[in-house]
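Read through the structure below, which is laid out as structure tokens, and then see the notes.
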Amino acid sequence: MITERESHKFLRDWKDWLSSGTLVPVFQPILSSESTGIYGYELLGRLSTPEGLFSLGEFFLSQTFGYDEIFFLKKQVDEEIRLAALQKFAKEAPPETKLFLNISPNVMYHALLQMETDLPQTIQMVREVGVDPERIVIEITEERFPHNLELLRPILQLYRQEGFSIAVDDAGSEASNLDRIGLFHPEIIKVDLQMLRRSTFSRNFKEILLNLSKLGESLGSSLLFEGIESEDELYNALNYGARYIQGFYFAKPEPYFTKRFEYRMEMQSSLQYFHARKQGEMNRQIEWETIWKDKLSEIMMGFTEENEIWEWKGGFETSVFGDGDFFRMYITNPLGFQVSPNYSRDKTGKMEPDYSFLGKNWSFRPYFFEHLHKSKTSRDAWTLSQMYHDISERMMLRTFARNLSENLILFIDVVVSRS
């Protein structure tokens, strides 16, 4: 905890810095992969000095302790920039575009406490300037909130009644942001690729993106990926369902509103690259699956039943499975109970049975019922699971499955990558 003296110096230093220039709004374009035009602009604050423009990010991220003087200084600066931005937006922004306004949970809570006598400042400003509220997106920032998030529901409901949309910022970077998605049901989920990459390992990063994509789809929320700085990052964003794109790869924040279709050619070119690369990946995946299905067909003839246990007696050239790609295989009954040992290869390539898994049930695994469903509707005898991580073996696997009879299902795990 900082002392009162330190707090006063902190406040004085920021006031001195802010007085060295003029507060100005800048606007970073947000592109639509649907229309290939600009969907909207995020409002950001800058301090204009004789030396140039300086970001206010560090100022807004500086720590506050409750509703102290720093909090009210931030609020004052934020409102000054916001009013100037709304006035500029009303006069100069291309029609059908939106303006994204960052608002912290603590500022919203403060407005909530004043709601009996005053409407939130943003609503007052939008009415005063004459901007259609449906063109405004309230972006809830990541800032730590010491109260129950449920308390913010009334003010969010008020914003929605006015016509505003809600976005949740930096989704996936903190567990609390996932809570906000569940509580606020935002129209837009904003994902910062740079922040996610810094805070997670590569595999975890991809898994988080995959699950955010599924979450957005299930909630009916559009995904906005920010922090896009390269062609690969843009490809990843599109691959995980990005409806909207933001980042230096296309445009930096500017004091003016970029024309709506300024980046149409670049966006169309990027989508063509995405389609071509994605098609190539799908073709390679189909080839990989076909090769493996041919390989795995050799195994089916090697199982025989002895004393109600299905054992593998087959002989085949293990070299056909490559170096370590084949991981294990086993048989279950239709209820998921294992009726064979686990078979995996030792270092010499020989199949070794592990009887300790007999009788265990695997119906809780997602791919089990996925196979039961697909095997009834698909003409292909084999089904294939999504990629998943085996924690104990530290590797990424996919599981092939095939009915050996009405009462037996063969599962074969194949290594996709190792940690």
Side-chain angles (χ1 to χ4, degrees), residues 203-204 206-207 210-211 213-215 217-218 285-286 288-316 318 320-322 324-346 349-419:
R203 183 183 63 248
N204 295 344
K206 292 178 180 178
E207 288 300 311
L210 177 62
N211 282 286
S213 177
K214 292 178 180 177
L215 180 62
E217 185 177 7
S218 65
Q285 176 63 30
I286 292 170
W288 180 86
E289 291 180 22
T290 302
I291 291 171
W292 267 103
K293 287 173 184 178
D294 290 342
K295 290 178 180 180
L296 298 181
S297 295
E298 297 183 30
I299 293 182
M300 294 179 57
M301 305 302 294
F303 279 98
T304 59
E305 184 183 13
E306 293 184 9
N307 299 320
E308 297 184 351
I309 297 175
W310 284 85
E311 305 228 36
W312 188 75
K313 301 294 186 181
F316 62 92
T318 56
V320 76
F321 292 93
D325 293 338
F326 175 86
F327 181 50
R328 66 187 163 209
M329 64 180 178
Y330 55 93
I331 295 175
T332 75
N333 64 22
L335 296 178
F337 290 98
Q338 190 162 332
V339 295
S340 78
N342 263 13
Y343 284 96
S344 57
R345 293 192 305 178
D346 62 18
K350 183 180 178 182
M351 284 288 187
E352 290 293 339
D354 183 348
Y355 291 88
S356 65
F357 289 88
L358 279 169
K360 290 196 174 183
N361 188 278
W362 305 115
S363 62
F364 67 89
R365 287 179 168 168
Y367 57 75
F368 182 85
F369 279 98
E370 184 179 331
H371 168 74
L372 291 185
H373 172 71
K374 286 183 178 179
S375 63
K376 293 178 180 178
T377 58
S378 175
R379 294 181 180 180
D380 192 343
W382 290 100
T383 63
L384 180 61
S385 74
Q386 296 294 318
M387 188 164 58
Y388 62 94
H389 183 230
D390 188 294
I391 297 176
S392 60
E393 300 294 338
R394 297 180 61 81
M395 60 180 64
M396 300 301 293
L397 302 174
R398 296 189 75 181
T399 298
F400 286 90
R402 180 169 181 166
N403 292 344
L404 294 181
S405 69
E406 290 185 1
N407 298 312
L408 297 174
I409 308 171
L410 172 63
F411 293 94
I412 300 177
D413 298 333
V414 172
V415 179
V416 179
S417 65
R418 300 177 187 273
S419 301

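The shown structure was predicted, so the numbers you read here are calculated from the model rather than taken from an experiment.
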Pro366 meets the side-chain contact (heavy atoms from CB on, under 4.5 Å) criterion, sequence neighbours left out, with none
Can you confirm whether Val414 sits close enough to Trp288 that some side-chain heavy atom of one is under 4.5 Å from a side-chain heavy atom of the other?
yes
Please list, chain by chain and in numerical order, all residues satisfying ring-ring contact (aromatic ring centres under 6.0 Å, His included) with Phe369, sequence neighbours excluded.
none
Going by heavy atoms in the side chains, are Asp413 and Tyr330 under 4.5 Å from each other?
yes
Tightest non-hydrogen contact, residues Phe337 and Gly359, listed as CD2-O, 3.4 Å
Partners of Glu217 by side chain to side chain donor-acceptor pair (under 3.5 Å), sequence neighbours excluded?
none
Do Tyr343 and Ile331 have side chains that approach each other closer than 4.5 Å (heavy atoms only, starting at C-beta)?
no
Which pair of non-hydrogen atoms, one from Met396 and one from Met387, has the smallest distance, and what is that distance?
CE-CG, 3.7 Å
For Ser363, which residues count as a side chain to side chain donor-acceptor pair (under 3.5 Å) partner, sequence neighbours excluded?
Asn361
Student check: side-chain heavy atoms of Leu384 and Gln285 closer than 4.5 Å
yes
Can you tell me how far OG of Ser405 sits from CG of Asn403, rounded to the nearest 0.5 angstrom?
7.5 Å
Nearest atoms (heavy-atom pairs only) where Phe400 meets Lys293
CE2-CG, 4.0 Å
Taking it one step at a time, do Trp382 and Leu410 satisfy side-chain contact (heavy atoms from CB on, under 4.5 Å)?
CA-CA 10 Å; Trp382 290 100; Leu410 172 63; 4.2 Å; yes
Those residues at least two apart in sequence (or on a different chain) that pass side chain to side chain donor-acceptor pair (under 3.5 Å) with Ser356 are Asp354
Work out which heavy atom in Met395 is nearest to a heavy atom in Val415; give both atom names and the distance.
SD-CG2, 3.6 Å
Between Tyr388 and Tyr367, is a side-chain contact (heavy atoms from CB on, under 4.5 Å) present by the stated rule, with each step listed?
CA-CA 10 Å; Tyr388 62 94; Tyr367 57 75; 3.7 Å; yes
Residue list, side chain to side chain donor-acceptor pair (under 3.5 Å) with Thr383, at least two apart or on another chain:
His371
Taking all heavy atoms of Glu370 and all of Ser385, pick out the closest pair and write down the distance.
OE2-CA, 4.3 Å
Might you work through the side-chain contact (heavy atoms from CB on, under 4.5 Å) test for Ile412 and Trp292, ending with a clear yes or no?
CA-CA 10 Å; Ile412 300 177; Trp292 267 103; 5.7 Å; no
Got Asn333 and Asn407 here, is their nearest side-chain heavy-atom distance under 4.5 Å?
no
